[in-house]
Amino acid sequence: MINITLPDGSVRQYEAGVSSMDVARSISEGLARNVLAAKVNGEVRDASRPINEDSSVALLTWNDDDGKMTFWHSSAHLMAEALEALYPGMKFAIGPALKDGGFYYDIDAGDRTLSSTDFKKIEDKMKELARQKNEYKREEISKADAIKYFEEKGDEYKLELLEGLEDGQITFYTQGNFTDLCRGPHIPDTGKIKAVKLMKLAGAYWRGDENNAQLTRIYGIAFPKAKELTEYLERLEEAKKRDHRKLGQELELFMFSEKVGQGLPIWLPKGTRLRERLQNFLRREQEKQGYQMVITPHIGNKELYVTSGHYAKYGEDSFQPIHTPKEGEEFLLKPMNCPHHCEIFGHRPRSYRELPLRLGEFGTVYRYEQSGELHGLSRVRGFTQDDAHIFCMPDQLKQEFLSVLDLTRMVLTKMGFSEFTAQISLRDPDNPDKYIGSDENWDAAEAAIIEAAAEAGLTTVTELGEAAFYGPKLDFMIKDAIGRQWQLGTIQVDYNLPERFELEYIGSDNQAHRPVMIHRAPFGSMERFISILIENTAGKFPLWLAPDQVAILTISDRFNDYAHEVLNKLAPHDISGFVDERNEKIGRKIRDAELQKVPVMLIIGESEAEEGKVSVRRQGEGDQGSMSLTEFTEWFEAAAES
RNA sequence: GCCAACAUAGCUCAGCUGGUAGAGCAGCUGAUUUGUAAUCAGCCGGUCGGCGGUUCGAGUCCGUCUGUUGGCUCCA
């Protein structure tokens with residue numbers, strides 16, 4: 001008998017050779033039906049494989065990430081089986097599951113060209129094969145036999161893969177009539193796959209190398225329940241509707257111009273109002289916490305970046321230097337604000353009494369991103385960071401970190417994001433030479449970050465080896481309204497720049513000391529943050545942020561004068577908007593304001609003009625009744641708070 | 001950057017196998033003076049992304065450039 005330890009800590013006894021599936025059955029039939037694979041002593045394996053010694057076993061279902069990955073991997077095999085059945089002679093390269101969901105298979109279709117019009121046929125075949133509930137059978141095979149099999153089949157890709165594998169650890173998996181070289185594991189049988197959809201087709205090189213053959217990559221998704229596929233597709237639809245590029249155009253927030261240049265966003269009036277509101281908000285909050293704003297130029301002498309080390313690191317992959325008429329003089333578009341801020345710190349002697357010195361700037365920087373990486377506002381070549389650099393003494397690090405965490409969390413919460421986690425990136429303990437700065441400093445900084453995050457009550461994930469060479473960091477991850485994860489603001493500790501710029505302060509001991517620097521940007525960049533904000537709100541910005549807060553809609557042009565009077569009276573209350581004077585019916589004006597997602601509509605006709613009132617309508621909600629202007633400003637303030 | 005697809009009016013899109021461009025919305029003009037998601041009519045608007053080529057003839061075929069979109073070793 002062997003002991004099987006389950007995740008809840010309970011221990012059960014079974015005959016040696018028992019399978020994970022048997023274990024599941026002994027617990028409940030329902031569980032057994034849902035088991036996709038099992039994690040045995042930390043290794044994900046087929047549920048059918050025998051266990052011969054005392055082990056810990058976790059049964060994996062659709063609710064486990066490893067279960068999903070196994071499911072999708074098996075789905076890739078199912079797709080390959082369907083392809084082979086429909087189009088004999090195809091060669092298969094690799095077909096993994098994807099962490100972000102779904103799977104793909106890279107295939108060499110020979111002379112045949114596959115297109116998305118073939119998807120339906122392939123999906124139908126997959127469903128047909130799935131209904132046969134074919135078992136995924138594992139088989140250990142000798143390298144010679146494996147080579148023979150694929151030589152006969154004429155699949156040079158699998159043969160190449162075999163070259164890299166050792167005899168004795170090669171396995172085949174077979175379901176139905178399809179056999180594939182595969183490490184596994186797989187789900188018990190194809191019958192679990194109830195819903196499949198092929199998503200897209202892309203070119204991909206064999207082994208990702210452009211010198212190799214170009215293969216056809218087919219992406220697909222699969223689920224154990226039809227309903228889950230429907231929901232998945234609905235989520236994709238929803239994401240499409242929220243796409244900030246689409247909304248940015250519809251709401252006239254920003255634009256791009258070929259003439260201005262790729263990846264260089266142009267902020268239109270409405271987008272600018274939105275952005276300025278965000279900046280003002282952040283500026284005020286930062287000033288409350290003792291930040292001082294500074295402004296530095298968009299270009300800097302090359303020497304500045306040689307000093308900071310950025311030139312050596314980014315030289316040829318960036319915008320190239322600007323030459324002046326003067327011989328040998330070169331300027332760089334600034335890729336970062338920190339060197340400038342270091343110069344501010346260093347321009348006169350600093351006392352420890354001035355620390356922490358917190359310098360903030362909405363600094364616009366330019367980076368030459370690869371053209372293929374550009375994407376709407378989220379990946380651009382010119383953007384503005386909500387940047388700040390805190391120069392402090394080592395023993396102030398934790399306190400400063402804590403206030404930055406507080407600030408970040410506060411502003412994100414105000415922005416409507418409530419679920420965050422923090423990723424803490426530390427040194428790679430096996431590679432101490434990769435990092436600059438003393439061990440004591442690193443230990444202290446890492447401890448400061450970990451303690452600060454714990455004190456702030458943040459859920460954290462720690463990644464070893466992910467730190468920058470100059471210091472550890474913490475990144476904020478947020479979840480948006482439709483469940484997507486985004487990486488936002490980052491907080492980094494830096495020992496490097498103070499050293500390169502030879503920054504010093506005079507301590508209470510009358511000796512010179514080197515300050516520690518914290519880089520931090522709660523939003524990251526205004527561009528990227530706003531792209532996330534647009535997608536999170538679907539363009540329905542909170543009242544206090546909306547570019548136009550109220551649309552004043554007149555029933556007929558007889559009331560235009562009163563409408564303007566109302567607009568003027570709202571201005572002192574910091575409520576802004578416009579009067580829709582068009583000669584249109586009220587229904588039309590409402591529709592247009594609704595589509596423009598103006599949060600509040602004030603409807604003005606005969607009765608309002610006579611009684612000095614406004615009829616209030618909330619975007620997406622409808623009529624809120626009529627009120628006096630005083631009542632309305634109170635209503636507005638209350639609404640803006642919530 | 002590489003691969004693929006796409007680029008037609010301000011926007012969304014139609015235009016069969018090559019035979020000199022169309023719709024809806026927007027805009028303009030007029031009528032209408034309107035009560036909670038589209039009033040009616042008329043008009044304007046495109047060297048079909050740029051350049052080159054094939055052809056008697058190119059939005060349509062080929063090349064090239066620009067831009068956009070999706071992908072670009074999560075290893076069998």
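In the text below, chain A, chain B and the rest are named by the order of the sequence lines, each starting its count at 1.
- One C1' atom belongs to B:C61, the other to B:U54, and the distance between them is 8 Å to the nearest Å.
- In terms of modelled atom types and a separation under 3.5 Å, the side chain of A:Glu631 and the main chain of A:Ser628 share a donor-acceptor contact.
- For the C1' atoms, the distance linking B:A9 with B:C48 amounts to 10 Å, nearest Å.
- Remark: A:Arg582 engages A:Asp592 in a salt bridge, criterion side-chain N to carboxylate O under 4.0 Å.
- Separating the CD1 atom of A:Ile603 from the C1' atom of B:U36 is a distance of 5 Å, rounded to the nearest angstrom.
- In this structure, A:Phe223 and A:Trp72 have perpendicular ring planes: the angle between them is above 60°, well past the 30° mark.
- In the interface, the side chain of A:Arg588 is not paired with the base of B:A38 through any donor and acceptor atom under 3.5 Å apart.
- Two residues, A:Gly620 and A:Arg558, neighbour RNA chain B, and the one matched to the more 5' nucleotide by heavy-atom proximity is A:Arg558.
- Helical stems of RNA chain B (runs of at least 3 Watson-Crick or G-U pairs, donor-acceptor distances under 3.5 Å) are listed by first residue: B:1-7 with B:66-72, B:10-13 with B:22-25, B:27-31 with B:39-43, B:49-53 with B:61-65.
- A:Ser142 has its side chain within reach of A:Asp167: a pair of non-hydrogen atoms, C-beta onward, lies under 4.5 Å apart.
- For A:Glu250 and B:G10, the CD to C1' distance is 14 Å, given to the nearest whole Å.
- The distance from atom CG of A:Asp580 to atom P of B:G35 is 15 Å, rounded to the nearest whole Å.
- A distance of about 29 Å separates the C1' atoms of B:C3 and B:U12, rounded to the whole Å.
- Judged purely by atom type and a 3.5 angstrom limit, A:Lys473 has no side-chain atom pairing as donor or acceptor with the backbone of A:Thr490.
- Checked against the 6.0 Å centroid criterion, the rings of A:Phe92 and A:Tyr157 do not qualify as a close aromatic pair.
- Annotation: B:A76 and B:G70 have their P atoms spaced 27 Å apart (nearest Å).
- If A:Glu369 and A:Glu608 are placed on RNA chain B by their nearest nucleotide, the residue sitting closer to the 5' end is A:Glu369.
- Between the NZ atom of A:Lys589 and the P atom of B:U33 there is a distance of 14 Å, rounded to whole Å.
- Between the CG atom of A:Asp592 and the C1' atom of B:U36 there is a distance of 13 Å, rounded to whole Å.
- Backbone-only engagement by A:Gly587 is indicated by non-hydrogen atom pairs under 4.0 Å involving sugar-phosphate atoms exclusively.
- Rounded to an integer number of Å, the gap from CZ of A:Arg582 to C1' of B:C28 is 14 Å.
- As rounded to the nearest Å, B:G42 and B:G18 have C1' atoms that lie 36 Å from one another.
- Taking atom CD of A:Glu584 as the reference point, atom C1' of B:G27 lies 12 Å away to the nearest angstrom.
- In this structure, A:Glu594 atom CD and B:A37 atom C1' are separated by 6 Å, rounded to whole Å.
- With respect to A:Arg242 and A:Glu238, a salt bridge is recorded, a charged nitrogen being found less than 4.0 Å from a carboxylate O.
- Classification of the A:His186-A:Tyr136 ring pair by plane angle, with boundaries at 30° and 60°, yields parallel.
- At a threshold of 4.0 angstrom between heavy atoms, the contacts of A:Ile586 are confined to the sugar-phosphate backbone, with no base atom among them.
- Between A:Trp635 and A:Phe632, the two ring planes are parallel [angle under 30°; tilted spans 30° to 60°].
- Both tests hold for A:Arg381 against A:Tyr368: distance to the six-membered ring centre under 6.0 Å, angle to the ring axis within 45°.
- Across B:A26 and B:C56, the matching C1' atoms stand 41 Å from one another, rounded to whole Å.
- The distance between the ring centers of A:Phe172 and A:Phe178 does not fall below 6.0 angstrom.
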Nucleotide N/O to protein N/O under 3.5 Å, stretch nucleotides 5-8 of chain B:
none

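- Annotation: cation-pi pair A:Lys479/A:Trp486 absent, no NZ/CZ under 6.0 Å from the ring centroid and within 45° of its normal.
- Counting only heavy atoms from C-beta outward, the side chains of A:Leu553 and A:Leu602 never approach each other to under 4.5 Å.
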(request) Take nucleotides 68-76 of chain B nucleotide by nucleotide from the 5' end and write B, S or -, depending on whether a protein heavy atom sits under 4.0 Å from the base, only from the sugar-phosphate, or from neither. (result) SSSSBBBSB
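- Contact annotation: side chain of A:Arg617 to base of B:U36, donor-acceptor pair present below 3.5 Å.
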